[in-house]
Protein chains: 2
Amino acid sequence: MELAAAKLKFIEAWGKLGSEWGINRTMAQVHALLLISPEALTTEEIMENLSISRGNANMTLRDLIGWGLIEKQHKAGERKEYFFADKDVWNIARQVAKERKKRELEPVLKVLNELSAVTGDEKDPELITFKKSVADINKLAGNVDKTLETMLKAEESWFWGSVLKVFK
Amino acid sequence: MELAAAKLKFIEAWGKLGSEWGINRTMAQVHALLLISPEALTTEEIMENLSISRGNANMTLRDLIGWGLIEKQHKAGERKEYFFADKDVWNIARQVAKERKKRELEPVLKVLNELSAVTGDEKDPELITFKKSVADINKLAGNVDKTLETMLKAEESWFWGSVLKVFK
DNA sequence: ATAAACTTTCAATAATTTTTGAAAGTTTAA
DNA sequence: TTAAACTTTCAAAAATTATTGAAAGTTTAT
């Protein structure tokens, strides 16, 4: 396969994966484009490459910066802003884990804790089932949270080394 | 907090979490409702409880069965079908991991492998960057895949026991 | 100060996803 | 059979989400 075709395929696959995981398809595609680009790109170049509008490009780039996945770069003597992606895949994974933990896992843990305090007739099967489900989910979410916490601090090789030992 | 209010809050939170992770909100809500219900429920009851239409309820229930998260139950001497959710949270996590691995991770791994075979001028920075990114993602995805594989086979306590040892 | 180069905003529009509900389909009992 | 009870389908409508593009805003050089 030729590079040009491979790039298109990669961008498409990354976009699809993103949309399946609740990430805007265009955002994932812009990220993909920057990931495989050796040089930082301008808004203009990104617009052309992906056939998207200026407004869309601008908002998407802003979001990606908010996720900590890309950065702006200024070139000496140039007015234009250039964008480039962190190419370290472990950093990317950590960054995504960190943001989703903060944006989604933590709010859910908060709600679950509130729900643990539900009151009522302790003999009511409805209440018993409810409390059991909430407690079980809470426990699982807590373990996920701790594991992510470890991952955030860890070096890639150490993390996978440790986790994959589970096979022995 | 009263049980009735807590239920609503739980259903809402579960629905929101689902939608953030690419799962239809209604589907997550139906799942939440069944999770906290000690008894199996009929389509009718689910429709009323969540104020959704018959068609929506039917499709959503079918999807949940497809995900292996709920099952039909037949009660002796009754025409109606009842639905109930597996209450074991570890089973739920495994089931979701299994389906998403199959539906999303595996297709991506397949594409990444195809993309590894890209050809071109080995001195071209574009090609070098592309190959590096694809290889790195491939490696990470492979590790995730192996870890999920282990999780699918594992007992909850053993799995978390092993993974959380990483802290010591 | 001016204007060119560039970035951001946001109301309108388009695309996508979800939901509805009535009609068609199926199963069971008599 | 027939009809009642129940389930499924799917085209149309509604709701949600993403995108456009032109106007407004900002920065820099002169």
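Convention: sequence-line order gives letters A, B, ...; per-chain numbering from 1. None of the values given here were measured: they were computed from a predicted structure.
If you measure from atom NE2 of B:His74 to atom C1' of D:dA5, you get 14 Å, rounded to the nearest angstrom. Atom CE in B:Met47 sits about 12 Å away from atom C1' in C:dT19, given to the nearest Å. Remark: C1' of D:dA4 and CD of B:Glu78 are 15 Å apart, rounded to the nearest angstrom. In this structure, the CG atom of A:Asp63 is 13 Å from the C1' atom of C:dT8, given to the nearest Å. Nucleotide C:dC10 holds its C1' atom 11 Å from the CZ atom of A:Arg62, rounded to whole Å. The CD atom of A:Glu20 sits 15 Å away from the C1' atom of C:dT16 (whole-angstrom rounding). In this structure, CG of A:Leu61 is placed 13 Å from P of C:dT9, rounded to the nearest angstrom. Put simply, CD1 on A:Ile46 is 13 Å from C1' on C:dT7, counting in whole angstrom units.
Nucleic acid contact for B:Glu44: none, since no nucleic acid atom lies under 4.0 Å from a heavy atom of the residue.
Among residue pairs with one or both ends in residues 148-159 of chain A, those qualifying as side chain to side chain donor-acceptor pair (under 3.5 Å) are A:Lys101-A:Glu149; sequence neighbours excluded.
Using modelled atom types and a 3.5 Å distance limit, the side chains of A:Asn138 and A:Asn113 yield a donor-acceptor pair.
Salt-bridge annotation for B:Lys16 and B:Glu12: absent, with no side-chain N of the basic residue lying under 4.0 Å from a carboxylate O of the acidic one. With respect to B:Glu122 and B:Lys131, a salt bridge is recorded, a charged nitrogen being found less than 4.0 Å from a carboxylate O.
A search for salt bridge (Lys or Arg N to Asp or Glu O under 4.0 Å) contacts involving B:Glu39 returns nothing, not counting sequence neighbours. Among residues two or more places apart in sequence or in another chain, the side chain to side chain contact (heavy atoms under 4.5 Å, CB included) test is passed with B:Glu99 by B:Trp67, B:Gln95, B:Lys102, B:Arg103. Residues forming a side chain to side chain contact (heavy atoms under 4.5 Å, CB included) with B:Ser19 (at least two apart in sequence, or on another chain): B:Arg25.
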How does protein reach along nucleotides 16-30 of chain D, written 5' to 3' as B (base within reach of a heavy atom under 4.0 Å), S (only sugar-phosphate), or - (no contact)? --SSBB-----BB--
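Closest heavy-atom contact between B:Ser37 and A:Thr129: C-CG2, 4.1 Å.
Across the helix from C:dA1-D:dT30 to C:dA30-D:dT1, the helix axis at one end is tilted relative to the axis at the other end by 10° (nearest 10 degrees, each axis from five pairs).
For the pair B:Lys72 and B:Tyr82, the cation-pi test (distance below 6.0 Å, angle within 45°) is failed.
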